[in-house]
Amino acid sequence: MVIKQVKRWFVVRANAARWRPLSDWAETRNAVFRQARDGRGFQIEQPKALPGALRIEWGPSQRAYIDGTELRMRVELGLHSDLQMMVIARQLMERLEKAVFEAYTDTLKTRVDTDTPEEMRWLVMFPKLKNFNSKPVRERFGALGVNRDLIGAWLDGPMSDTLALASQDLLPEERAFVLMSMRGNVYLRVAMAEPSLEDVQALVKLLETACREALRVNGRLSDGGPWPTTTSVAWQSSTPEEQGPGR
């Protein structure tokens with residue numbers, strides 16, 4: 001027990017130096033930086049962030065489709081619970097579509113299991129956006145949601161420009177990436193072997209743009225715009241494990 005505690009102390013001490021730039025950056029945002037107890041990751045909490053409370057986590061992946069470690073982010077926005085939209089790396093989307101097809105064409109499988117992550121369930125539930133305004137975005141990302149008009153509106157303008165820019169270096173083709181609006185919040189999940197301040201800052205900017213545009217679309221719903229046409233709420237999982245960022 002003592003040896004284990006000593007090892008953990010050395011890990012925590014080493015990580016304090018390793019993640020100092022991120023810790024200092026969090027402090028400039030009036031956010032709180034904490035290492036995970038096991039020393040294998042960290043969390044950044046910024047309750048008074050704009051446009052909503054921000055939580056960032058880096059650590060072991062919580063999704064089978066991401067090997068190793070990942071960065072997860074969540075912004076609490078209070079959006080309508082039925083505002084369900086997703087942007088996903090096209091390479092990852094094609095891989096997950098194949099996995100879902102193989103799993104659920106089995107004659108013993110008659111429905112999508114509720115313990116399957118939303119990002120996989122949505123691939124068979126929701127219509128995909130076909131008309132992208134940006135060729136780079138169309139080539140590198142897929143988009144889908146409870147309503148094509150809503151997902152199209154989300155990706156129109158600043159969101160499309162930000163994704164096109166990110167596709168140049170921040171989000172290379174092979175990098176698993178998911179951005180989702182659900183349960184009133186916006187979530188981001190991306191494969192990340194080692195967190196760097198530059199990448200985290202860039203992803204936060206991308207997430208903030210996605211949040212502002214999601215709020216705009218949410219206002220469109222409130223004004224009597226296109227409303228969801230599926231009963232997707234029936235598929236929602238409410239397990240405690242799925243309440244963290246990006247879950």
Side-chain angles (χ1 to χ4, degrees), residues 55-77 79 81-105 109 111-130 132 137-138 140-148 150-152 154-155 159 163 166-167 171-192 203 206-207 210-211 213-214 217 228 230-247:
R55 180 179 176 89
I56 302 171
E57 293 181 357
W58 179 83
S61 172
Q62 297 172 346
R63 289 293 189 266
Y65 58 77
I66 295 181
D67 295 328
T69 53
E70 65 178 7
L71 185 76
R72 302 179 292 273
M73 299 184 183
R74 179 190 69 206
V75 175
E76 299 176 8
L77 293 177
L79 303 171
S81 60
D82 281 347
L83 189 61
Q84 298 168 315
M85 308 178 293
M86 178 169 75
V87 175
I88 180 172
R90 184 163 293 278
Q91 190 175 99
L92 174 62
M93 181 179 72
E94 293 171 353
R95 178 157 57 91
L96 293 184
E97 282 181 325
K98 182 179 179 181
V100 170
F101 176 80
E102 292 175 350
Y104 297 109
T105 51
K109 297 280 189 178
R111 62 182 177 83
V112 179
D113 297 327
T114 56
D115 60 353
T116 302
E118 281 97 339
E119 51 267 45
M120 295 185 70
R121 283 182 270 154
W122 288 9
L123 290 173
V124 297
M125 289 167 49
F126 292 153
K128 296 181 177 63
L129 183 67
K130 297 180 179 179
F132 289 80
V137 175
R138 180 178 68 250
R140 297 292 296 279
F141 303 97
L144 52 98
V146 69
N147 179 292
R148 279 198 183 98
L150 295 178
I151 187 69
W154 191 34
L155 286 180
M159 181 75 163
L163 285 171
S167 70
L171 298 174
E173 186 175 5
E174 68 281 0
R175 194 174 199 177
F177 166 78
V178 178
L179 180 65
M180 306 176 72
S181 164
M182 63 180 179
R183 292 193 289 273
N185 306 322
V186 174
Y187 302 81
L188 183 152
R189 184 186 299 273
V190 62
M192 183 172 287
L203 287 165
L206 189 160
L207 180 61
C211 289
E213 293 304 292
V217 173
T230 76
T231 54
S232 60
V233 174
W235 296 95
Q236 288 295 333
S237 171
S238 58
T239 59
E241 186 185 33
E242 292 195 358
Q243 299 306 309
R247 299 185 182 181

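Please read these numbers as outputs of a predicted model, since none were measured by experiment. When reading the values below, keep in mind they use all heavy atoms of this one structure, side chains included, and skip hydrogens, waters and symmetry mates.
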Nearest 0.5 Å please: distance from the [atom1] atom of [X] over to the [atom2] atom of [Y].
| X | Y | atom1 | atom2 | result |
| --- | --- | --- | --- | --- |
| Asn147 | Asp82 | CG | CG | 11.0 Å |
| Arg138 | Leu129 | CZ | CG | 10.5 Å |
| Leu203 | Met73 | CG | CE | 5.0 Å |
| Leu206 | Phe177 | CG | CZ | 5.0 Å |
| Ile88 | Phe141 | CD1 | CZ | 11.0 Å |
| Arg63 | Met120 | CZ | CE | 10.0 Å |

Side chain proximity check, [X] to [Y], heavy atoms < 4.5 angstrom:
| X | Y | value |
| --- | --- | --- |
| Met125 | Gln84 | no |
| Leu179 | Tyr187 | no |
| Met182 | Val146 | no |
| Leu163 | Ser167 | no |
| Gln62 | Arg189 | yes |
| Asn185 | Val75 | no |
| Leu77 | Val186 | yes |

Taking every non-hydrogen atom, the tightest pair across [X] and [Y]:
| X | Y | answer |
| --- | --- | --- |
| Arg140 | Pro172 | NH2-C, 2.8 Å |
| Met86 | Trp154 | N-CZ3, 4.1 Å |
| Ile151 | Leu144 | CD1-O, 3.4 Å |
| Pro60 | Arg72 | O-NH1, 3.3 Å |
| Pro127 | Gly145 | CD-O, 3.1 Å |

Partner set under side-chain hydrogen bond (donor to acceptor under 3.5 Å, both in side chains) for Glu213, not counting sequence neighbours: Arg216
- request: For Glu173, enumerate each residue passing the side-chain hydrogen bond (donor to acceptor under 3.5 Å, both in side chains) test, keeping only those at least two apart in sequence or located in another chain.
  value: none
- request: Any side-chain hydrogen bond (donor to acceptor under 3.5 Å, both in side chains) involving residues 87-97? Give me the pairs, sequence neighbours left out, ordered by first then second residue.
  value: Glu97-Lys128
message: Using salt bridge (charged side-chain N to carboxylate O under 4.0 Å, His left out), reason through Glu118 and Arg183 one step at a time and then give a plain yes or no.
response: CA-CA 11 Å; Glu118 281 97 339; Arg183 292 193 289 273; 2.7 Å; yes
field: Expected output: side-chain Ser61 to main-chain Ile66 donor-acceptor under 3.5 Å
entry: yes
message: So does Met192 get a backbone contact from the side chain of Thr69, meaning a donor-acceptor N/O pair under 3.5 Å?
response: yes
message: Using side chain to side chain contact (heavy atoms under 4.5 Å, CB included), reason through Leu150 and Met85 one step at a time and then give a plain yes or no.
response: CA-CA 8 Å; Leu150 295 178; Met85 308 178 293; 4.3 Å; yes
Trace of the side chain to side chain contact (heavy atoms under 4.5 Å, CB included) decision for Leu79 with Ser181: CA-CA 8 Å; Leu79 303 171; Ser181 164; 3.7 Å; yes
